[in-house]
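Side chains included, hydrogens not; waters and symmetry mates left out as well; all remaining heavy atoms used. Keep in mind the model is a prediction, meaning the values are calculated, not measured.
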2 protein chains.
Amino acid sequence: MPTTPTSTHSSAPTLAEVARHAGVTSATVSNVLRSRGRVGEVTRQRVLEAIAALGYRPHLPARALAEGRAPTIALMVASIANPFYPEFALAVENALRRSGQFLIICNTDGDPHTGRAYLEQLAGTLSAGVLVMNANLDFDDLRLSELRGAPVVLCMWEKPLESPGLPCVAVDFHLAGELAARHLIELGHRRIGAIVGSKAYGIHAARYDGFVTAMEAAGLDPAAAPVIHASDTTQGGYAAARELLSRHPDLTALFATNDLPALGAMQAAADLGFDVPRQLSVVGITDIHLASESRPALTTVAVPTVEAAELGVALLRELIAGTGKSGGQGEREAKVCVASPPHLVVRASTAPASR
Amino acid sequence: MPTTPTSTHSSAPTLAEVARHAGVTSATVSNVLRSRGRVGEVTRQRVLEAIAALGYRPHLPARALAEGRAPTIALMVASIANPFYPEFALAVENALRRSGQFLIICNTDGDPHTGRAYLEQLAGTLSAGVLVMNANLDFDDLRLSELRGAPVVLCMWEKPLESPGLPCVAVDFHLAGELAARHLIELGHRRIGAIVGSKAYGIHAARYDGFVTAMEAAGLDPAAAPVIHASDTTQGGYAAARELLSRHPDLTALFATNDLPALGAMQAAADLGFDVPRQLSVVGITDIHLASESRPALTTVAVPTVEAAELGVALLRELIAGTGKSGGQGEREAKVCVASPPHLVVRASTAPASR
DNA sequence: GTGAAAGCGCTAACAC
DNA sequence: GTGTTAGCGCTTTCAC
């Protein structure tokens, strides 16, 4: 029987309904909700009761529209399935939750096009700001997003001394590379192979530069160290290590610019019959959870992931708050916010050179 | 100099501005945007030009408000940092992206309170529906969410034959457990230890039941197999395996209800001097990426993760579309949607029993 | 085919 | 203290 389609009271209660129920006007309800205005204690109670009685919950899009501020933050990553990102995303979500904002995950697949589409849809409408990991986005797209009213923060920018022209959280990955390499050198290793990931955007260049710095500081010739570029995955590291070790069987250590490839390198070494760390030392960078769970556990340079996430959120919030002030975003120098320095974590994958 | 704070044209262009620019009214612009109404070809072109010229992008919250439908889907997980969830989340995000919806990640930390808070804020306001993984939520909270207009779909429900009273994607984990156990039995193992995770909510109970079924089918006494409950992590599996192996050194195989604990068990075995798989076989369930990357690579029972994600999204969408029809959600039987059966993936962590 | 107008649920001036 | 009112940006009947 086709009666009125809108059932009388089953739909979500609105402010107006709460107001009617409490015998006040919606402005008053809004005021008690936001503890904003001056509301009499008795009405306040009546309103609170009405809210509880009706099970009222604010309608976030409506609020966003009226307030002119978006209720979410977007996090752009190449793929959330890469083991590093979830650790970071968790920290971001925790930081956001405290301030009542929500996290939208955007996987770009490393495709600038996908990233751009996300930015276009979200920036300034659903999302008040954008956090960017190495998602292979076009910096011009990112700057455009700023102009659209959604600040962008680059998380884990690799070169503290060099501004990307965009606000960012910088982590000294040059130092990370240096610490990793120095550790090997101090263990007596001289013939070290390097596995360098993510050529795109020069990511990991800083890490390799750190390697070079450490080599030179020790009076070694960095150019003599064989280098292989690999994709930033276990498989990539595995293949790279196989190639490296078969072409240079005299290598006593492998330096990888990231943990995943380092882990892959350890497996390749094992498959090739190398005993890690007795015959071959392996070191990575980042210290993802997996690093401590491998056998042997991976020696690596820990990077302040959680801190970077929190700094990123804080910086983004600051930028969002400041949007529109002083005429804008584009001109003044992009703020770079430096996280604590990385530090070496010695585990079981490195040992003194024996050959 | 304090001039007008609102700069004349820097703010995001609105429909009305596009309309003015094109010499039409906003209704018409809206019509061309949604290819909804009957719009003359020439005006259509003028409007499109205006949109391009101004760089107009729809304001998602405004649209959501006017349309009465929320622009996101919420995914509730215990912690996105658990290696299984990102794989699932990636598949969900891919499925959603195709339909222009966005993914909000909610980490509950396994805390029903946190989960409830998320549901309360998102369900029916910002999020049109909720996908739930084993996030330790209260089923009553979930049913309440349905009444609030945001359907809930349980992903990876473990017991296809038993309805949770909530729509769900079911995966036959009993069969998974059975396959894993049968594999060990067929290899000649008789003294098998079981590591059972996530006691809460009886999750993994189905998996262990499958183990029992396989044992009985082979004429073995399941009660004779030592069982340890462990947290659903590598560490949990590590500790459990250590205990199991030290108390029962004659065990020739370990059955774990999840890959992470299985991986941990392999490490414990290695640390205890057991050669996997020659002296000890280890099998897991799920087939997360890590399973194929461990050394030895983990034999496991693969579960259709991506398929479950896609089915979950499809089911959720269906429920969202049907919300309000035929008077509602509560009464009719909750739909359960069964994913493909799990299947055994033999790798290097299992071998014939030698003792 | 196009425009006028009402309204989605909420906030924020301002008046009383 | 509380109510009135005018939007926020968009969609959508309904006239024309």
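Of the residues near DNA chain C, B:E67 and B:V42, the one whose nearest nucleotide (by heavy atom distance) lies more toward the 5' end is B:V42. Between B:L65 and A:A27, the one whose closest nucleotide on DNA chain C sits nearer the 5' end is B:L65.
Salt-bridge formation is detected for the pair B:E93/B:R97: a Lys NZ or Arg NE/NH1/NH2 atom is positioned less than 4.0 Å from an Asp or Glu carboxylate oxygen. Between A:E17 and A:R20 there is no salt bridge, since none of the side-chain N atoms of the basic residue sits less than 4.0 Å from a carboxylate O of the acidic one.
Atoms CG (A:L15) and P (C:dG7) sit 18 Å apart, rounded to a whole Å. The distance from atom CZ of B:R20 to atom C1' of D:dG9 is 13 Å, rounded to the nearest whole Å. To the nearest angstrom, C1' of C:dA12 lies 9 Å from CG of A:N31. Nucleotide C:dG9 holds its C1' atom 13 Å from the CZ atom of A:R34, rounded to whole Å. Across the protein-nucleic acid pair, B:R69 atom CZ and C:dG9 atom P stand 15 Å apart, rounded to whole Å. If you measure from atom CD of B:Q121 to atom P of C:dG9, you get 19 Å, rounded to the nearest angstrom. C:dC8 atom P lies 12 Å from atom NE2 of A:H59, rounded to whole Å. Here the P atom of nucleotide D:dC8 and the CG atom of B:L60 are 19 Å apart, to the nearest Å.
At a threshold of 4.0 angstrom between heavy atoms, the contacts of B:T14 are confined to the sugar-phosphate backbone, with no base atom among them. Within 4.0 Å of A:G68, counting heavy atoms only, lies no atom of the nucleic acid at all. Residue A:P61 is classed as having no contact, given no heavy-atom separation below 4.0 Å to the nucleic acid.
Side-chain N/O atoms of A:R44 include none lying less than 4.0 angstrom from OP1 or OP2 on D:dG1. For B:S26, no side-chain nitrogen or oxygen approaches OP1 or OP2 of D:dC10 to under 4.0 Å. Side-chain N/O atoms of A:T43 include one lying less than 4.0 angstrom from OP1 or OP2 on D:dT2. The side chain of A:S30 contributes an N or O atom lying less than 4.0 Å from OP1 or OP2 of C:dT11.
The side chain of B:R63 approaches D:dC10 more closely than any other nucleotide in the set D:dG9, C:dG1, D:dC10. Here the side chain of B:A62 is nearest to one of D:dT11, D:dG9, C:dG9, namely D:dG9.
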Please determine whether side-chain contact (heavy atoms from CB on, under 4.5 Å) holds for the pair B:Q121 and B:L126, giving the CA-CA distance in whole Å, both sets of side-chain angles, and the decisive distance to 0.1 Å. CA-CA 8 Å; B:Q121 294 181 91; B:L126 232 204; over 6 Å; no
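The two residues A:A308 and A:F88 have their closest heavy-atom pair at C-CE1, 4.1 Å. Considering all non-hydrogen atoms of both residues, B:I105 and B:I80 come closest at CD1-CD1, 4.1 Å.
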